[in-house]
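What follows is a single structure, written as structure tokens, with notes after it.
Everything numeric here is computed off the predicted structure, so don't read it as measured data.
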Amino acid sequence: MSAPVAAVTRRVAAEFLGALLLAAIVVGSGIAATGLSSDVGVQLLINAVSTALGLFVLITVLGPISGAHFNPAVSLVDLVLGHRSAREVGAYISAQIAGCIAGAMLANVMFDAAAVSISTTDRVSPGHLVAEIVATAGLILAIFALVRSGRAHLAAAVVAAYIGSAYFFTSSTSFANPAITIGRMFSDSFAGIAPGSAPWFIAAQLAGAVLGLALVRWLLPMPMPMPAPMPMPAPARTESTEAAPSTTS
């Protein structure tokens, strides 16, 4: 296997693993939350804290390998900005979706439920769709503002904090990820989403990605290269021995 192919394979594998673990964290903590408390607010808090902490770990560990997208919306914006090829982004998205489905199934099994249980939770409402646009746009802006300003090393903390916060300030609890939306269809639990709701959420997330990209390009345009300075002609030499006037007096 050639070095470039091996490197891409490792990146795609990291995306699959990261998406799998992210879905397991989101779904598993949701299942655990319902067993720990009957208070919906406490359940959501458990789910949000677990997801934020898990995201921080996953981005920190896998970021140096693949960039730690775990999200087709992020990968598509990366493609539009010219950071990755269409072929690699296609492999990323396939791995992310497969990983999220596998992660939801793993969470089900860990809590002694059937590996696949299709969710019956209908989440579509005008407010939820607006919330997904806002959540995804904010996520894209946060990530690529850091990249364009040379602070990508802060992504783990910033993304984790943003998603943890967005669990509460968005009515949809901030899915903000088409792959995790698909994965969550496979668990009829606290974190699940009905198959009929998922396409609407994904459409809103993609719209949010477009909005986020527009904000990134507007707020943080790439600096234009400065033209090379024109060489200055050397001063003509004279035979005069008179001292030049001082410019510092």
* Closest non-hydrogen atom pair between A145 and S149, with its separation -> O-OG, 2.6 Å
* Nearest non-hydrogen partners of Q205 and N177, listed with the distance -> OE1-C, 3.3 Å
* Structure fact -> On a heavy-atom basis, the closest approach of Q96 and P72 is OE1-N, 3.0 Å
* **Non-neighbouring partners of A98 that pass side chain to side chain contact (heavy atoms under 4.5 Å, CB included), sequence neighbours left out** => F16
* **Distance in Å, I97 CD1 paired with I93 CD1, rounded so as to fall on 0.5 Å steps** => 7.0 Å
* Do L81 and L213 come close enough that some side-chain heavy atom pair is under 4.5 Å? -> yes
* Is N71 reaching over with its side chain to a backbone N or O of I180, donor-acceptor style, under 3.5 angstrom? -> no
* Is it true that a side-chain atom of E15 and a backbone atom of F70 form a donor plus acceptor pair closer than 3.5 Å? -> yes
* Nearest atoms (heavy-atom pairs only) where V74 meets F144 -> O-CZ, 3.7 Å
* Within a strict 4.5 Å, meaning less than it, do heavy atoms of the L45 and F168 side chains meet? -> yes
* Structure fact -> By ring-ring contact (aromatic ring centres under 6.0 Å, His included), F175 pairs with (sequence neighbours left out) F201
* To do: Give a yes or no on whether V12 and L22 share a hydrophobic cluster (residues Ile, Leu, Val, Met, Phe, Trp, Tyr; joining criterion: side-chain heavy atoms under 4.5 Å apart).
  => no
* Look at the side-chain heavy atoms of Ile, Leu, Val, Met, Phe, Trp and Tyr, link any pair under 4.5 Å apart, and say whether V210 and V89 land in one connected group. => no
* Asked: With a 4.5 Å limit on heavy-atom distance, are the side chains of V77 and I143 in contact?
  -> no
* Test side-chain contact (heavy atoms from CB on, under 4.5 Å) on I182 and M185 and set out the steps. => CA-CA 5 Å; I182 293 171; M185 291 192 303; 4.0 Å; yes
* List in chain and number order the residues that pass side chain to side chain contact (heavy atoms under 4.5 Å, CB included) with L146, two or more places apart in sequence or in another chain; answer none if no residue qualifies. => R151, L154, A155, V158
* **Reported OG-to-CG distance for the pair S172 and L129, which is rounded to 0.5 angstrom** => 8.5 Å
* Can you name the residues that form a side chain to side chain contact (heavy atoms under 4.5 Å, CB included) with A32, not counting sequence neighbours? -> F111
* To do: Nearest 0.5 Å please: distance from the OG atom of S50 over to the OH atom of Y167.
  => 8.0 Å
For residues 189-197, run the donor-acceptor check on the side chains, cut-off 3.5 Å, and write out each pair with its distance to 0.1 Å, sequence neighbours left out.
unit_1: S189; atom_1: OG; unit_2: S187; atom_2: OG; d: 2.8
unit_1: S197; atom_1: OG; unit_2: D122; atom_2: OD1; d: 2.7
unit_1: S197; atom_1: OG; unit_2: R123; atom_2: N; d: 3.0

* Excluding sequence neighbours, so at least two apart, what forms side chain to side chain contact (heavy atoms under 4.5 Å, CB included) with L106? -> L20, A24, M110
* Is it true that V109 and I25 fall in one hydrophobic cluster, defined by side-chain heavy atoms closer than 4.5 Å? -> no
* Using modelled atom types only, decide if a donor and an acceptor are shared between the side chain of D188 and the backbone of S119 within a distance under 3.5 Å. => no
* Structure fact -> Heavy-atom nearest pair, I140 first then G212, reads CG2-C, 3.8 Å
* Asked: For the hydrophobic clusters of this structure (ILVMFWY residues joined by side-chain heavy atoms under 4.5 Å, transitively), does one cluster hold both I31 and L44?
  -> yes
Without placing hydrogens or testing angles, list every side-chain donor-acceptor pair under 3.5 Å for residues 52-62, not counting sequence neighbours.
unit_1: T60; atom_1: OG1; unit_2: F56; atom_2: O; d: 2.7

* Looking only at non-hydrogen atoms, find the nearest pair between A114 and N108 and report the distance. => O-CB, 3.1 Å
* To do: Please list all pairs passing the ring pair (Phe, Tyr, Trp, His ring centres under 6.0 Å) test where one or both residues lie in residues 74-106, with sequence neighbours left out.
  => H69-Y92
* Asked: How would you list, by chain and number, every residue that makes a salt bridge (charged side-chain N to carboxylate O under 4.0 Å, His left out) with D78, sequence neighbours excluded?
  -> R84
* **Exam field: side chain S66 to backbone A68, donor-acceptor pair closer than 3.5 Å** => yes
* Asked: What do the steps show when you test V80 against L76 for side-chain contact (heavy atoms from CB on, under 4.5 Å), and what is the final call?
  -> CA-CA 6 Å; V80 173; L76 287 171; 5.6 Å; no
* Applying side-chain hydrogen bond (donor to acceptor under 3.5 Å, both in side chains), which residue pairs with at least one partner in residues 33-48 are found, sequence neighbours left out? -> S29-N47
* For residues 134-147, pull every pair meeting side-chain hydrogen bond (donor to acceptor under 3.5 Å, both in side chains), keeping only residues two or more places apart or in separate chains. => none
* Structure fact -> Output for pair (E132 CD, I202 CD1), nearest 0.5 Å, gives 10.0 Å
* **Other cluster members, L36 - Ile/Leu/Val/Met/Phe/Trp/Tyr, side-chain contacts below 4.5 Å** => V42, I46
* Are V134 and W218 in one and the same hydrophobic cluster, where Ile, Leu, Val, Met, Phe, Trp and Tyr link if side-chain heavy atoms are under 4.5 Å apart? -> yes
* Asked: Any donor and acceptor pair, going by atom type alone, linking the side chain of S174 with main-chain N or O of T170 inside 3.5 Å?
  -> no
